[in-house]
Structure formats: C-alpha cells, structure tokens
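All values below come from the heavy atoms of this structure, side chains included, with hydrogens, waters and symmetry mates left out. All residue numbers in this chain count up from 1 along the given sequence.
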Amino acid sequence: MLAQVNIGRLLAPLDAPRMADFVAALDPVNAVADAAPGFIWRLQTEDGNATALRVFEDDAEGGILINMSVWESVETLAAFVYGRAHIPVLRRRREWFERMKEAYTALWWIPRGHIPAIREAEARVRHLRAHGATPHAFTLREHFSPPDSGQVELLHSPEYWTCPV
C-alpha cells in the first residue's frame, strides 16, 4: 500500500473570505477521493475534519494543513490527483497556500493494514527534504516500485501525470 502526505501553509485563516472556495471544495473532493478506485484511508478527526489537525509546528506558527491518505498504488493516487474532481482545486492552490521552497509532499510504501501516523509522515517529508527521492520517501514525479517488486531503481512518472497547473 502507498501512503501519501502533503502539507500546505495557509495564506489566510480558514474562516477568511479568501478561503471560502477552498473550504467549500473540501467535502466534495474528499467524497470523490473516498469513492475512488484504489483509495483505502485518509486522515481525519472523528467528525471527519482534517483541517483541525496541526502539523509541522516548527515550520510555522500554525496555519499548516495536512492531507494524508493511503492508496493501493502510485497509479491509483495519480488518477485521483490529476482527475477531474481534484484538478480544479489544484489549479487554484496558489490562491490559498504559500509556495513552499522545501518538499511539502511525500509518498512511501507501507505494509497492508498499517495506518501511518502524523509523526511518521513528518519524518518522511523531512527525509525527502534532506535526501531527495529514495525508497524511504519519494514523490509522484520520482517514485519507486513497491518493496516486494524486487525493483529499486528510481522511476519517473509518465508525461501525462505531470501536473497541468
């Protein structure tokens, strides 16, 4: 299974008018993800809210949102990320989030049934920042096959996976 995390530093509080379109898109986009082929799990509070969770406290004084989920494969994650429901939000991300200079997303393989913890995700992003793409932490653009595949070379995503925004 594939775990993914991405973080974003908000340009305004979630209740600010500037963020209204982003907040309005959260539930519909999450519903599409939840129903997507290959989707297994996503991080959320008991009431279904991931925006209440605070992460990377030493990266900012709060205001960093986290999205973490588990998928069957790199391909199923990419199909959602670059699919019809998510692309409109992805295209507008600069309206709502700072452009981050360091890695803000990481992927890694996990054993079936494992649910990643926030601290685990933070460690993977920090590893990616320090070492670039490795089998321990990688990206959609530069990724690795599952550990049981016997392949350990760096793979580059197909051109059509390249974010069109």
Side-chain angles (χ1 to χ4, degrees), residues 2-71 73-108 116-130 132-133 137-143 156-165:
L2 181 75
Q4 78 77 31
V5 63
N6 66 76
I7 58 170
R9 189 174 294 121
L10 295 170
L11 290 173
L14 281 174
D15 58 357
R18 172 185 199 151
M19 303 301 291
D21 288 349
F22 172 75
V23 171
L26 283 173
D27 286 341
V29 170
N30 283 337
V32 170
D34 292 351
F39 172 83
I40 296 170
W41 170 89
R42 73 180 163 87
L43 177 67
Q44 56 187 316
T45 61
E46 286 183 18
D47 62 348
N49 180 4
T51 62
L53 302 167
R54 291 292 168 243
V55 296
F56 286 82
E57 294 298 334
D58 43 343
D59 274 19
E61 304 98 35
I64 292 192
L65 292 186
I66 184 172
N67 171 284
M68 189 163 58
S69 56
V70 174
W71 296 79
S73 66
V74 171
E75 293 79 10
T76 57
L77 172 61
F80 167 72
V81 169
Y82 302 127
R84 274 186 284 186
H86 190 252
I87 279 292
V89 175
L90 198 55
R91 284 189 173 126
R92 295 184 62 193
R93 71 188 180 275
R94 297 293 172 244
E95 294 177 37
W96 306 310
F97 295 94
E98 281 183 27
R99 181 177 300 270
M100 295 181 74
K101 294 182 173 113
E102 294 185 292
Y104 55 88
T105 187
L107 285 61
W108 68 101
I118 291 174
R119 296 225 184 285
E120 178 183 352
E122 288 179 335
R124 299 293 176 143
V125 171
R126 292 186 200 298
H127 181 88
L128 185 62
R129 288 174 178 176
F138 46 91
T139 67
L140 274 176
R141 183 171 296 188
E142 295 183 317
H143 57 275
H156 296 277
S157 65
E159 193 62 35
Y160 65 89
W161 283 9
T162 303
C163 184
V165 293

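Taking every heavy atom of both residues into account, W71 and P37 meet most closely at CZ3-O, 4.0 Å. In plain terms, the two heavy atoms of V81 and L90 that are nearest each other are O-CD2, 4.0 Å. Minimum interatomic distance between A12 and A16 (heavy atoms only, all atoms of both residues): CB-CB, 3.8 Å. Closest approach of M68 and W108 over heavy atoms only: SD-CH2, 4.3 Å.
Partners of E120 according to the salt bridge (charged side-chain N to carboxylate O under 4.0 Å, His left out) rule, which considers only residues two or more places apart in sequence or in another chain, do not exist here. Annotation: salt bridge (charged side-chain N to carboxylate O under 4.0 Å, His left out) contacts of E142 (sequence neighbours excluded): none. Partners of R119 under the salt bridge (charged side-chain N to carboxylate O under 4.0 Å, His left out) rule, at least two apart in sequence or in another chain, are E122. Applying the side chain to side chain contact (heavy atoms under 4.5 Å, CB included) test to R42 and every residue at least two apart in sequence or in another chain returns N30, D34, F39, Q44, S69. Among residues two or more places apart in sequence or in another chain, the side chain to side chain contact (heavy atoms under 4.5 Å, CB included) test is passed with Y104 by I7, M100. Not counting sequence neighbours, the partners of A85 by the side chain to side chain contact (heavy atoms under 4.5 Å, CB included) test are V32.
The aromatic rings of F22 and W96 are tilted relative to each other, their planes meeting at an angle between 30° and 60°.
Other residues, nucleotides and ligands contribute more than 12 heavy atoms inside 6.0 Å of the CZ atom of R94.
Interatomic distance, R141 CZ to L107 CG, rounded to the nearest 0.5 Å: 13.0 Å. For the atom pair L128 CG and E102 CD, the distance stands at 10.0 Å (nearest 0.5 Å). From L140, atom CG reaches atom CG of L77 across 5.0 Å, with rounding to the nearest 0.5 Å. Rounding to the nearest 0.5 Å gives a distance of 7.0 Å between CE of M19 and CG of L11. Rounding to the nearest 0.5 angstrom, the gap separating the CD1 atom in I118 from the CD1 atom in I66 is 5.0 Å.
Under a 3.5 Å cut-off, the side chain of R91 and the backbone N or O of P88 do not form any donor-acceptor pair. In this structure, the side chain of R124 does not engage the main chain of A137 through any donor-acceptor pair within 3.5 Å.
In this structure, E95 and R18 have side chains that are not in contact, with every pair of non-hydrogen atoms separated by 4.5 Å or more.
For the side-chain contact (heavy atoms from CB on, under 4.5 Å) with N67, the qualifying choice from L26, N6, T105 is N6, the only one to do so.
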